[in-house]
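Every number for a ligand or one of its atoms is a count from 1 in the order of the listing.
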Amino acid sequence: MPWDWPGLWGSSRVRGPLWIWIWLSSTLPFLCIPINEVNLLDSRTVMGDLGWIAYPKNGWEEIGEVDENYAPIHTYQVCKVMEQNQNNWLLTSWISNEGASRIFIELKFTLRDCNSLPGGLGTCKETFNMYYFESDDEDGRNIRENQYIKIDTIAADESFTELDLGDRVMKLNTEVRDVGPLMRKGFYLAFQDVGACIALVSVRVYYKKCPSVVRNLVIFPDTITGADSSQLLEVSGSCVNYSITEEPPKMHCSAEGEWLVPIGKCMCKEGYEEKNNTCQGCRPGFFKASPQSQTCSKCPPHSYSHEKASASCVCEENYYRRESDPPTMACTRPPSAPRNAISNINETSVFLEWTPPADTGGRKDVSYNIVCKKCNSHSSLCEECGSHVRYLPQQNSLKNTSVMVVDLLAHTNYTFEVEAENGVSDLSPSARQYVSVNVTTNQAAPSPISIVKKGKIAKNSISLSWQEPDRPNGIILEYEIKYFEKDQETSYTIIKSRETEITADGLKPSSPYIFQIRARTAAGYGSFSRRFEFETSPVSVAASSDQSQIPIIAVSVTVGVILLAVVVGFFLSGRRCGYSKAKQDPEEEKMHFHNGHIKLPGVKTYIDPHTYEDPNQAVHEFAKEIDASCITIERVIGAGEFGEVCSGRLKLPGKREFAVAIKTLKVGYTEKQRRDFLGEASIMGQFDHPNIIHLEGVVTKSKPVMIVTEYMENGSLDTFLKKNDGQFTVIQLVGMLRGIASGMKYLSDMGYVHRDLAARNILINSNLVCKVSDFGLSRILEDDPEAAYTTRGGKIPIRWTAPEAIAFRKFTSASDVWSYGIVMWEVMSYGERPYWEMTNQDVIKAVEEGYRLPSPMDCPAALYQLMLDCWRKDRNSRPKFEEIVSMLDKLIRNPSSLKTLVNASNRVSNLLVEHNCLGTGAYRSVSEWLEAIKMGRYLEAFVQNGYSSMDTVTQVTLEDLRRLGVTLAGHQKKIMNSIQEIRVQLVNGMVPL
Ligand code: AMP
């Protein structure tokens with residue numbers, strides 16, 4: 001009996017069966033499918049005929065219903081539960097798999113509970129079967145049932161009863177099965193009913209994909225999941241616009257349509273930054289230099305970007321960026337010039353020091369280059385120094401602010417340009433920034449001789465010749481050749497020669513001898529050459545063995561005898577080198593030494609011209625003879641001890657004309673006067689220092705006899721300072737003092753004691769460079785320190801002279817230091833006369849009692865302290881000139897140290913101060929005195945009682961004090977003590993009241 005549908009499913013008064021309605025109202029939300037599922041078929045959404053085939057015809061039955069929108073609802077039912085052997089097939093139409101190899105089938109169906117059927121039928125089933133058949137096209141419809149492949153038997157999770165229908169509760173089952181891997185383009189599905197009561201409400205066939213996504217700026221396309229349910233598909237992504245990657249980014253698409261395990265990423269390229277998963281160009285004024293940076297940055301200082309999407313910013317005018325500078329660094333510029341360059345000359349070496357530029361251009365890589373120019377002193381023509389000059393540590397790219405320049409020529413003007421540069425200097429067209437330092441090198445000893453050649457060699461003699469040293473640094477006066485038998489160094493011979501060749505004789509045959517040679521100029525000896533070894537030739541066969549011993553004995557005897565002669569000669573002859581003569585030819589002198597008992601004279605020592613038998617020889621050794629026709633005298637500028645001093649011009653052949661001072665020897669001079677006059681030139685000619693007056697030469701071959709020196713435009717320092725009272729800064733004054741100290745250091749290093757150092761003997765040029773002059777009074781400082789006062793008499797400049805030099809003529813560099821202290825005082829007080837109008841006698845007495853000149857007005861405390869140090873009674877505790885120079889250098893380098901002036905209340909004008917006890921002594925007024933001793937409260941009492949001047953104060957007694965109202969014992973004591981001191985000073989005549 002066929003089933004009556006409505007009867008079986010319950011009565012329906014609405015369109016379609018009741019349960020369909022229940023279902024429909026509950027399925028609407030299901031129409032929203034997940035984004036990672038792509039439908040191949042959804043029976044719910046097919047508008048027209050589904051085109052499914054049922055067979056037998058009375059099996060599956062489509063219920064053609066429409067929903068409230070008149071959309072068809074495709075539902076297939078079958079309910080042949082009452083009949084045996086059911087085999088009802090429902091075939092779908094061909095479904096393209098659209099490339100997916102795994103598809104999912106979602107079935108929604110209801111199934112009647114067999115037990116709820118009337119009679120509990122034994123044939124009733126509660127399952128149905130689902131099959132598929134793959135084919136590339138639509139012609140698979142006709143295939144046989146047994147060709148279908150079973151997907152699964154579908155059972156209901158929930159079946160329903162009539163009761164449920166009555167309650168209007170729909171028990172809709174959803175089952176999902178998947179099939180894969182699919183090999184063909186499409187497939188058919190088939191549902192086989194074998195006797196159940198089923199309503200197949202919807203069939204949805206879909207595959208899963210990983211939907212297109214942008215992650216980490218990588219676009220991953222829609223990707224159909226793999227065939228295998230556990231397969232992860234590796235998918236390569238592509239970068240979004242304006243982004244790049246180093247490695248192709250990847251992500252994995254799971255079988256469930258989920259993106260998993262991203263690998264790699266893209267980065268916005270230069271000029272772009274990430275915003276909402278896209279790359280956006282940087283705004284003007286911003287830049288992004290590398291893909292690695294996250295965001296755009298503001299342009300660094302001194303740069304700009306006018307364009308959008310800038311990868312870098314452009315430097316402002318005159319600012320630069322090195323290739324190696326990071327783009328985030330500010331644009332920079334070349335540094336300004338180095339500052340405060342100072343030089344320190346030591347013979348032919350110059351130490352240059354400077355401070356870094358005020359503006360480093362914004363960079364840390366400032367370095368310095370040195371340009372060296374050799375300049376003609378009389379023209380401003382300069383030329384490059386050449387490669388013989390060495391720079392320590394190097395000439396260019398100096399990181400430190402100092403350099404040592406060595407191997408310069410002696411007594412030559414150089415200009416050094418210290419140039420600052422940094423990493424962008426070579427990018428800038430602007431001029432080099434440098435500070436220049438002009439120096440004049442000192443006289444220097446000659447460099448060692450490097451080439452020595454052997455000449456004739458005999459059994460008892462060796463002849464040698466050699467070349468002048470590379471750098472003679474002056475006129476070579478002679479060579480000294482030292483030689484000894486090899487390994488017998490303690491017994492050696494010295495030969496002096498003016499020639500560049502000698503023959504050493506008296507040698508042993510067949511013996512090796514070591515030779516060393518050095519040269520001497522006015523600046524002293526250079527270093528010995530390296531050792532040269534030569535061997536005498538063997539004795540002739542005829543010579544007896546006894547004879548061969550003779551030279552050995554002869555040499556030994558000679559050594560002994562000559563040694564004695566040398567020692568005696570050294571003390572008796574008074575010759576400068578103290579060696580005995582064993583003349584071989586007029587140009588050669590020879591002496592022998594044993595065990596080094598006789599010391600050779602040190603290099604660069606001052607040589608007293610008086611030690612020359614013939615003073616003319618001295619003057620010509622140390623001074624150039626100038627032809628009088630080269631000199632033009634212009635005017636008289638002063639009066640010297642021996643005649644007028646004139647200014648004029650000197651034009652030497654091949655040189656430019658320049659200004660000179662000319663000292664003349666007045667007519668009718670005695671021979672002694674001539675000697676003393678030229679003595680000064682012989683002394684001056686030995687010096688070579690920027691702070692010592694430079695001798696150009698002498699005229700002795702015609703009359704008048706003249707001494708020609710460099711011209712010092714501002715004349716003598718004392719007159720110059722008086723004329724320009726108060727016109728200079730402290731630093732300028734200290735600069736003058738530094739120059740004088742430097743010149744004096746040079747003199748003391750040479751063993752020269754000036755003995756008349758005073759501002760009147762200092763000359764000053766137009767550049768305010770001070771030079772020590774006036775070597776007329778000067779005396780030799782002999783090796784024996786006691787010899788310093790065995791000199792002829794003469795006027796001693798008491799006010800400038802150290803007490804020990806006045807008392808027992810102990811003139812030393814330490815007494816020059818005392819005089820230097822007085823010069824300091826003269827300079828700081830603009831040429832005031834030391835000790836004013838005090839008599840020489842009073843000065844001697846006051847100084848002996850420990851009184852010292854008070855500080856000049858506005859004098860920095862550090863300078864006054866230095867003066868006091870120069871005036872220490874114990875000459876050994878006075879500073880050395882070297883220390884004075886370095887102390888003044890320190891003050892110049894650190895000008896703030898000069899700001900502290902000597903306290904005005906401690907500075908006692910016009911009166912002497914007791915050494916190390918500033919503030920005691922006498923005073924100009926009663927008020928000044930009382931204030932100084934902190935008793936100012938009694939001023940009124942003093943004045944009212946008639947004590948209104950200092951000379952009346954000295955009369956005050958203790959009684960008077962009591963009368964004046966000074967009752968406190970402490971105050972009485974203080975005032976009486978001070979009065980007592982003033983009285984003592986007056987008695988001693990030290991206070992010029
Ligand atoms: P003197 O005989 O050295 O004391 O010189 C006498 C004066 O001549 C000095 O006080 C200076 O005014 C002047 N005088 C000496 N030498 C020079 C010079 N080189 N340049 C300028 N003036 C000088």
Do you know the tightest heavy-atom contact between W825 and P854? NE1-O, 2.7 Å
Side-chain ion pair, D816 and R755, N-O less than 4.0 Å: no
Between K373 and C382, which heavy-atom pair has the shortest distance, and what is it? CB-CB, 4.0 Å
Please tabulate protein-ligand N/O pairs under 3.5 Å for ligand 1, atom names and distances to 0.1 Å.
| from | atom 1 | to | atom 2 | distance (Å) |
| --- | --- | --- | --- | --- |
| ligand 1 | 2 (O) | K663 | NZ | 3.4 |
| ligand 1 | 3 (O) | K663 | NZ | 2.5 |
| ligand 1 | 19 (N) | T709 | OG1 | 3.2 |
| ligand 1 | 19 (N) | E710 | O | 2.9 |
| ligand 1 | 20 (N) | M712 | N | 2.9 |

State, yes or no, whether a side-chain contact exists between L901 and Y864 at a heavy-atom distance under 4.5 Å. no
Can you list everything that forms a disulfide bond (SG atoms under 2.5 Å apart) with C372? Sequence neighbours excluded, please. C385
Would you confirm whether the ring centroid of F720 sits within less than 6.0 angstrom of the ring centroid of F728? yes
